[in-house]
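To start, the structure under review is shown below, and the notes come after it.
Every number for a ligand or one of its atoms is a count from 1 in the order of the listing. Nothing fancy with the numbering, it's 1 onward along the sequence.
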Amino acid sequence: MSWLWPRLLTALLALLGASLLGGLVGYVASGTPWRAALAGAALVSLALVVRDAWRAHRLMQWLRGTQEGPAPRGRRFWGEVGYRVERALRLRERALEQERERLAQFLSAIEASPNGVMLLDSRDQIEWCNSVAADHLGLDPVRDLRQRVTNLVRAPAFVAHLQGGQFGEPLVIPSPRGDASLSIGVRPYGDGLKLVLTQDITERERNDAMRRDFVANVSHEIRTPLTVLAGFVETMASLPLTEAERQRVLVLMQQQTDRMQSLVADLLTLAQLEGSPRPPPDHWVPLASLLQRVQADALSLSAGRHQLEFHQEEEALVELAGNESELFSAIANLVNNAVRYTPAGGRVETVWRARAGGGGELEVRDNGIGIAKEHLPRLTERFYRVDGSRSRDTGGTGLGLSIVKHVAQRHGGELDVRSELGKGSSFRLVLPPARVRREPQVAALATG
Ligand code: ADP
């Protein structure tokens, strides 16, 4: 109220002054001061009213406009009114600006989410959606705003889910483009509003299917030898067998238990590969000792039926960084496969060579039965076999190459396969520079 009293006082003083001046002029001019005093007071009042109206008009003009420039400033009362109105407006504008920025940040955070987010009003019209939701549902995040989502996404299951009002479980539907599986969750909020969350679960579904297939395959692989074993046990228990028959049955039973043992061993290796941390990058294993062990295995598997060759193309003493038993298992699988899939009289060559840039590769080459082109992309899948009976007859589990691929990847490398049906195959285990080191002096000493 600091403005009120000075303002009243000024108006009173102006009125008083004008009345006195008018009275004095009236008295001097006609000897009657009252009429002139009244006229003076009325003139001053009029002037005050006009001045106020003019200043109020200027402020009103500014308020009606864009309020970009400063508010009209006068002295005292109107100056203060202009200042306070402008300050209140500027504060409100700043608060609004901050709100807008916060909302933009919030929306860009949702935009960055790997999941789709869509807001629907009470009539299921799209209020907002991020680009992931738009991509999942085949929408345009700008053009389709304010459109009813059920007019745009017409999958009957989606429409029924949204209209059914039972949002406990997420809905799984194929994406409108048909190239993915979507999980759609709806969360009601506010007054009939809905938050729709979409997620691409294609990968998850594929993994689930792979897990189911894996369990089914393992069960099948175990059930077959078990059934055979059970048959033999029954035969031995119920039939009187000659010693020769008994020996024959025991050999067959031994084959089946060996088969189950290899399967369980490979399954355990796979489980260990998947569940353990990456092999250490600083534990060095001499390549020569690995190859010696693999060679011993291959010689006994081949039993003189093949020509087996092992050699190193570079002079240095090579060491590989990683897990010794994993590396052994990978190389042994490749060499044993080459022996198993190469008819008697064939040749299996295992060669280590340096690669440009510091890494190295171990190639296992054979001139065996080879593999038709269409099988190559699937060879490293678990239990994938080109010829199931041949694999089983030679003691295969169908897991060897998936173990090799895993080991290669865990050591930062890869498995490269080339093959031609009827001509032979080449499997190359490629290792990066960080996993290979050479000691030329030691090699020189060893050879010197
Ligand atoms: P398996 O235990 O059946 O040998 P793998 O995973 O080791 O399983 O190999 C998968 C399939 O790849 C084999 O069943 C076989 O058909 C084919 N394969 C692997 N190595 C060779 C090879 N050197 N020559 C021809 N076929 C091969």
Side-chain angles (χ1 to χ4, degrees), residues 210 213-214 216-218 220-222 224-225 255-274 291 294-295 297-302 305-310 325-351 361-410 414-430:
M210 270 170 61
D213 283 356
F214 181 66
N217 277 326
V218 170
H220 175 75
E221 294 288 334
I222 287 180
T224 315
Q255 280 173 0
Q256 297 305 321
T257 42
D258 285 352
R259 187 172 151 191
M260 279 200 291
Q261 260 170 350
S262 320
L263 179 67
V264 171
D266 276 0
L267 285 173
L268 284 174
T269 307
L270 263 183
Q272 207 183 351
L273 289 177
E274 280 174 354
L291 291 183
V294 172
Q295 190 169 8
D297 266 16
L299 280 171
S300 97
L301 184 68
S302 162
R305 289 174 297 132
H306 305 87
Q307 186 187 335
L308 301 179
E309 278 178 33
F310 285 79
S325 70
E326 285 185 25
L327 289 168
F328 170 76
S329 157
I331 301 172
N333 261 305
L334 292 181
V335 177
N336 290 351
N337 273 357
V339 171
R340 287 166 48 226
Y341 297 106
T342 301
R347 201 171 81 206
V348 173
E349 254 183 298
T350 303
V351 185
E361 64 179 39
L362 186 90
E363 181 181 13
V364 180
R365 207 165 43 214
D366 65 61
N367 59 356
I369 60 171
I371 305 160
K373 215 158 122 202
E374 66 268 24
H375 297 290
L376 294 181
R378 300 194 57 193
L379 279 192
T380 54
E381 282 177 24
R382 292 159 184 193
F383 296 112
Y384 189 82
R385 292 154 162 132
V386 176
D387 175 350
S389 61
R390 185 178 183 123
S391 157
R392 286 187 192 93
D393 290 349
T394 55
T397 59
L399 296 172
L401 289 182
S402 64
I403 291 177
V404 181
K405 185 182 164 193
H406 253 81
V407 173
Q409 285 176 343
R410 282 164 58 78
E414 58 183 16
L415 175 68
D416 182 69
V417 187
R418 282 165 209 193
S419 189
E420 212 178 315
L421 192 61
K423 294 213 165 149
S425 315
S426 152
F427 289 78
R428 287 182 307 133
L429 178 66
V430 182

[X] neighbourhood, listing ligand 1 atoms whose heavy-atom distance to it stays under 4.0 Å:
X	answer
F427	20 (N), 21 (C), 22 (C), 23 (N)
A338	23 (N)
L401	5 (P), 6 (O), 7 (O), 9 (O), 10 (C), 12 (O), 19 (C)
V386	14 (O), 16 (O)
T397	2 (O)
R385	3 (O), 14 (O)

Practice item. Give, for atom CZ of R259 and atom CD1 of I222, the distance between the pair rounded to the nearest 0.5 Å. Key: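 Spacing of CZ (R259) from CD1 (I222) equals 10.5 Å.
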Check your understanding: Which value, rounded to the nearest 0.5 Å, describes the distance between D266 atom CG and T397 atom OG1?
Key ->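 It comes to 3.5 Å.
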Review point. Is there at least one pair of N or O atoms, one from I369 and one from ligand 1, spaced under 3.5 Å apart?
Key: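 N/O-N/O distance under 3.5 Å: no.
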Flag side-chain contact, heavy atom, 4.5 Å: [X] against [Y]:
X	Y	value
E363	E349	no
L362	T350	yes
Q295	L308	no
F427	V404	no

Check your understanding: Among I403, N333, N337, I371, which residue places a heavy atom closest to atom 27 (C) of ligand 1?
Key -> I371
Check your understanding: Where the closest heavy atom to atom 3 (O) of ligand 1 is concerned, which of S391, S419, G395, G400 has it?
Key ->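 Result: the heavy atom closest to atom 3 (O) of ligand 1 is in S391.
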For [atom], grab the closest protein heavy atom and report residue, atom and distance to one decimal in Å.
atom	result
atom 12 (O) of ligand 1	L379 CD2, 3.3 Å
atom 8 (O) of ligand 1	G398 CA, 3.2 Å
atom 23 (N) of ligand 1	D366 OD2, 3.0 Å
atom 10 (C) of ligand 1	Y384 O, 3.3 Å
atom 21 (C) of ligand 1	Y341 CD1, 3.5 Å

Atom pairs and distances, side-chain donor-acceptor, residues 330-343, under 3.5 Å, sequence neighbours left out:
from : atom 1 : to   : atom 2 : distance (Å)
N333 : ND2    : S329 : O      : 3.1
N336 : ND2    : A332 : O      : 3.4
N337 : OD1    : R340 : NH1    : 2.7
R340 : NE     : T394 : O      : 3.1
R340 : NE     : T394 : OG1    : 3.1
R340 : NH2    : T394 : OG1    : 3.2
T342 : OG1    : A338 : O      : 2.5

Review point. If you measure from the Lys or Arg side-chain nitrogens to the Asp or Glu carboxylate oxygens, is any gap between E221 and R392 under 4.0 Å?
Key: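 Judged by the 4.0 Å cut-off on N to carboxylate O distance, E221 and R392 do form a salt bridge.
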Practice item. Measure from the side-chain N and O atoms of D366 to the backbone N and O of S425, and report whether any donor-acceptor pair falls under 3.5 Å. Key: yes
Practice item. Return yes when atom CD of Q272 has more than 12 non-hydrogen atoms of other residues, nucleotides or ligands closer than 6.0 Å, and no otherwise. Key: no
**Study point:** R340 and ligand 1 - part of the residue with a heavy-atom distance under 4.0 Å
**Key:** side chain
